[in-house]
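Written below as structure tokens is the structure these notes are about.
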Amino acid sequence: MEYSRTELMPGVFLSHLHSDKFKTACMSVNLLTQLRRETAAMNAVIPFVLRRGTTRYSDMEQLSRRMDELYGTAIEPVVRRIGEIHCIGFYGSFPEPDYLPGGEALLGQVSELMAQLLLSPATRGGLLLPQYVESERDKLLELIRSRVNDKRSYSISRCIEEMCCCEDFAVSRFGGEAEAENIHYKKLTRHYRALIQTSPVEIFYCGKAPNGEVVSALRDAFSTMPRSEIDYEIGTDLRMNALEEHTRFVEETMDVTQGKLVMGFRLGECMEEPDIPALYVFNSVYGSGATSKLFMNVREKLSLCYYASSILYLHKGIMLVASGIEFDKLDAARDEIFAQLESIRNGEISDGELIAAKKGVASDLRATMDSQGELEGFWLSQSLDGLDYGPMELAELIEDVTKEDVTAIAGSIECDLIYFLKGNGEEDRADEAE
């Protein structure tokens, strides 16, 4: 695979990954803007409203018919939060010419359809259609409200909200309920127009078409995109230290039968010049995977939890440890999670643990090469960080990580907040009633 990067027009960049490995090509178009509470819900609903219809294909039925004509091309809305950058747009896949009658190339037509979805929405009097906006707003509200149904992901998001209460990262990629309720088609139209004019745009393509053909097709398709003063100042605020001198504790009660313990850490000084390979290996040694210290000790050996794993948010410089526990095991589980981190700080990492961690990380990175969706996400993150090495190069760098590198990272980490979701007794009364 060969990677190249081109600026198509002011603030519009193409990341081109030439590959003949897949039967389909993929393309994504992402508007980048600062994640903020007051605008996050509007940002999130925009691609779903745009996907309802264009000036040429006025509803989803016509759009679906057009994609069927393009041999089953699929284009769907995408909403992501990468650090404190909000990424909204579309992801599409379409067959390569080798697998179509007469070798028909779809690149130009799919690029045109992508541009229509983004730039030429169905409107009335220059405004987004109220019925489309209201319908998608209601779906967004339902999605936001339903997050409580998955207690594992809910507890993680609640930990982030409390831990980063003074930072934009506390905001969900779908925004908040109150802000979503206030979405109105006139206000949304103004916001959409502003985004189109000022947002940096990241386009990704992976497929067999050479770079020149892709550049030409996209420049033609997006030639009408309005560009004014591009907002290049978007980014993520990295807080190195905990918000307060002592670790904060937040407890919440709900009708649950299993406690959810989430511990939020700041990665600290190691984020001043982050060693990405070492951070990946540290996470694997500590809590990511079946050979990690959290899994082998907290879960398997001591049986203090049903699951325990660590999650890195490298763009924000934080780590979460999420676990499911019995309500009365809070103190024991918390103390052992801290103890396993301390053991890494003290260099208590066996050769077997380090080798297994490095193999696991390298294997996951190499597996990225087998999925266009994974490659798209990887290269979007790389573009935001200004990096140009691929998964295979990163996998090779993993092999050079030493025990001392991992220990240094552990020494930099500081616990900021502990969140605990416990039962309110309703589940016990329900059992008694039965």
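Remember, predicted model here, so these are calculated numbers, not experimental data.
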Does a salt bridge link Lys21 with Asp370, judged by any charged N lying under 4.0 Å from a carboxylate O?
yes
Applying side-chain contact (heavy atoms from CB on, under 4.5 Å), name anything that partners Gln109, two or more places apart in sequence or on another chain.
Arg66, Leu70, Glu104, Leu106
Results of side-chain contact (heavy atoms from CB on, under 4.5 Å) for Glu96 - residues two or more places apart only
Ala25, Tyr99, Tyr205, Lys208
Minimal non-hydrogen separation, Gly264 against Met163, with atom names:
CA-SD, 3.5 Å
Just checking, any donor-acceptor pair under 3.5 angstrom between side chains of Ser93 and Gln372?
no
Roughly how far, to the nearest 0.5 Å, is CG of Asp388 from CD of Gln382?
8.0 Å
So, Gln340 and Glu336: side-chain donor and acceptor under 3.5 Å apart, yes or no?
yes
Looking at Glu136 and Lys139, is there a salt bridge between them, counting it only when a charged N and a carboxylate O are closer than 4.0 Å?
yes
I'd like to know if Asp168 pairs up with Arg37 as an ion pair, taking the criterion as any Lys NZ or Arg NE/NH1/NH2 lying under 4.0 Å from an Asp or Glu carboxylate oxygen.
no
Check the surroundings of atom CG in Asp98: do more than 12 heavy atoms from other residues, nucleotides or ligands lie under 6.0 Å from it?
yes
Those residues at least two apart in sequence (or on a different chain) that pass side-chain hydrogen bond (donor to acceptor under 3.5 Å, both in side chains) with Ser371 are none
Would you be so kind as to tabulate the donor-acceptor pairs closer than 3.5 Å made by side chains of residues 392-401, with sequence neighbours excluded?
unit_1	atom_1	unit_2	atom_2	d
Glu393	OE1	Gly390	N	3.0

Answer yes when Arg147 and Glu161 have at least one side-chain N-carboxylate O distance shorter than 4.0 Å, and no when they do not.
yes
With the side chain counted from C-beta on, respond yes when His315 and Arg81 share a heavy-atom pair under 4.5 Å apart, and no when they do not.
no
Between Asp220 and Ser223, do the side chains contain a donor N or O and an acceptor N or O under 3.5 Å apart?
no
Under a 4.5 Å cut-off applied to non-hydrogen side-chain atoms, are Arg299 and Leu294 in contact?
no
Under the ring pair (Phe, Tyr, Trp, His ring centres under 6.0 Å) definition, can you give me all pairs with a residue in residues 137-192, not counting sequence neighbours?
Phe169-Tyr313
In this structure, are over 12 heavy atoms from other groups packed under 6.0 Å from Glu229 atom CD?
no
Does the pair Glu142/Arg145 count as a salt bridge with the N-to-O cut at 4.0 Å?
no
Here the ring pair (Phe, Tyr, Trp, His ring centres under 6.0 Å) pairs for residues 231-283, sequence neighbours left out, are Phe282-Tyr286
May I ask you to check whether over 12 heavy atoms, not counting those of Lys301, lie within 6.0 Å of atom NZ?
no
Basic-acidic side-chain contact under 4.0 Å: Arg266, Glu167:
yes
Crowded around Lys358 NZ? As in, over 12 foreign heavy atoms under 6.0 Å?
yes
Is the cationic atom of Arg152 (NZ for Lys, CZ for Arg) positioned less than 6.0 Å from the six-membered ring centroid of Tyr307 and within 45 degrees of its normal?
yes
